[in-house]
There are 2 protein chains.
Amino acid sequence: MAQHARNPDQTRESLLLAAFEEIYHQGFRQASLDNILRRTGVTKGALYHHFPNKMALGYAVVDEIIVPHGETRWRRLGDESLNPIDTLIEIGEEEPFPFARDVKLGCPINNLAQEMAGIDAGFQERLNRFLDRWRNAIEFALQRGQRAGQVRHDIDPREVAAFMVGAFEGAYGLAKCAGSEEVLETCLNGLKSYANSLRAMEATP
Amino acid sequence: MAQHARNPDQTRESLLLAAFEEIYHQGFRQASLDNILRRTGVTKGALYHHFPNKMALGYAVVDEIIVPHGETRWRRLGDESLNPIDTLIEIGEEEPFPFARDVKLGCPINNLAQEMAGIDAGFQERLNRFLDRWRNAIEFALQRGQRAGQVRHDIDPREVAAFMVGAFEGAYGLAKCAGSEEVLETCLNGLKSYANSLRAMEATP
DNA sequence: CCGTTAACATACCGACCAGTATGTATGTTC
DNA sequence: GAACATACATACTGGTCGGTATGTTAACGG
């Protein structure tokens, strides 16, 4: 039989992308390897040459696709030249993922976290680590803002950070269930108002 | 063979409860009918006597167990003798479900909503209807609070309601992924602070 | 040119799963 | 007490799934 083009990196990459799609639409446990193979034209032998099992493929999707892309969103929070509240609001207004074309699919990270937490420790640890780093990034940015006089001093940065991440993921979750861009807009507007309420009062000179 | 006790109502009820447990732990699609039958001692013939298929069993769990119990939480928001912000804070401090003994299992409604939205219209419609009613209950309570001078007039009740429901479910989602009561506490404290910030300023006489 | 290995391809397996076919015991009605 | 419906029980089916066993082909080092 005609062998396909032999390019291991490319094969691996297309498997990761197809697996991401399948997992994003179906969840990890409902994701079918046969579907992924059908999507790519890769055969089962090739798949199991690159990954020892389904779990490892799932972990690779998280480690190499979902998490790196998610992190680019809040990386900017570390920029000390910016007002952290402005940055938070900008982040909220951006398109979340290039993946997430459709609000009906929700947030890939939240989807997986809700599905796999309590089921598989490997997934849970990866996703929780991501969410924890996200919370920390916000927390540190708010602390910096407090020192710079941009953020109110009567708020607890750790508490606000956890609340904001929760509210953000919750907004995408609600919108997914509602299947509605409008619900997402409404929730995110609420989040934006909240973020603005964290600003330190301008000292009117 | 020795027939079991013939009590159709009881059989149906125990199926619903076992199905709820299985779905709560595994999600609907991963829930195994054989597991449910094993949990109850009910046989497959009995199950399919009471429900035409797995989907109908799942819908019944939502309609007869999950939604009714969820609604008891915010039913109180309609009480006009109470300050709606006090009520919201109290609701946030209550134990969420008698089901939800364990923060690691998350919120049954959110779990199902995230799993089944976009997969099955019957589930999605039921869960979205619930969440929509919840948002409306908060919205109306806030409007009433505004008229009564208990809630600030510079907020949009609809926006705040969506934001709060999202933040609430998001808090349970984060805590589930973190597997941590502490994360839940932190998020809910943030939500509580937010709720307090909605109070109308006391007119100092 | 030969041996070895990486990179696949094909065929198959046992487990599980939703659903069904068929049988049977029990209570109710006339 | 016969007819009938309800409330089950048992055994089985077709399909899907993750995973494996066993090839085969191409590239490459010596």
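The shown structure was predicted, so the numbers you read here are calculated from the model rather than taken from an experiment.
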query: Checking all strands, does A:Ser32 fall into the base, sugar-phosphate, or nothing category for heavy-atom contacts under 4.0 angstrom?
result: sugar-phosphate

query: Between B:Glu159 and A:Ser193, do the side chains contain an N or O donor and an N or O acceptor separated by less than 3.5 Å?
result: yes

message: Rounding to an integer number of Å, can you tell me how far B:His50 NE2 sits from C:dA18 P?
response: 18 Å

query: Between B:Lys176 and B:Asn110, does any side-chain donor sit less than 3.5 Å from a side-chain acceptor?
result: no

query: Is any side-chain N of the basic residue among A:Arg12 and A:Glu64 closer than 4.0 Å to the acidic one's carboxylate O?
result: yes

query: Can you tell which of D:dG18, C:dA7, D:dA7 lies closest to the side chain of B:Pro8?
result: D:dA7

query: CZ of B:Arg12 versus C1' of D:dT6: gap in Å, rounded?
result: 15 Å

field: Separation of D:dT16 P from B:Arg29 CZ (nearest whole Å)
entry: 16 Å

- prompt: Is there a side-chain polar atom (N or O) of B:Thr11 under 4.0 Å from OP1 or OP2 of D:dA7?
  reply: no

message: Determine whether A:Glu139 and A:Arg135 satisfy the following criterion, salt bridge (Lys or Arg N to Asp or Glu O under 4.0 Å), listing intermediate values before the conclusion.
response: CA-CA 6 Å; A:Glu139 181 184 346; A:Arg135 272 175 276 162; over 6 Å; no

- request: Measure from the side-chain heavy atoms of A:Ala46 and tell me the nearest of C:dA9, D:dC8, C:dG19.
  value: C:dA9

- request: Round to a whole Å and report the spacing from CZ of A:Arg38 to P of D:dT16.
  value: 8 Å

- prompt: B:Tyr48 has an atom OH; how far is it from atom P of C:dC17, in whole Å?
  reply: 12 Å

- request: Would you mind telling me which residue lines up with the more 5' stretch of DNA chain D, A:Asp34 or A:Pro52, judged by nearest nucleotide?
  value: A:Asp34

query: Could you state the CZ-P distance from A:Phe51 to D:dT20, rounded to the nearest angstrom?
result: 16 Å

query: Between A:Ile36 (CD1) and D:dT16 (P), how many Å, whole number?
result: 17 Å

message: Closer than 4.0 angstrom, basic N to acidic O: yes or no for B:Asp154 and B:Arg152?
response: yes

- prompt: Counting side-chain heavy atoms from C-beta on, which of D:dT6, C:dA18, D:dT10 comes nearest to B:Thr43?
  reply: D:dT10

query: In whole angstroms, how far is the P atom of C:dA7 from the NE2 atom of A:His49?
result: 4 Å

Options C:dC8, D:dT20, D:dA7, nucleotide nearest the side-chain atoms of A:Lys44: D:dT20

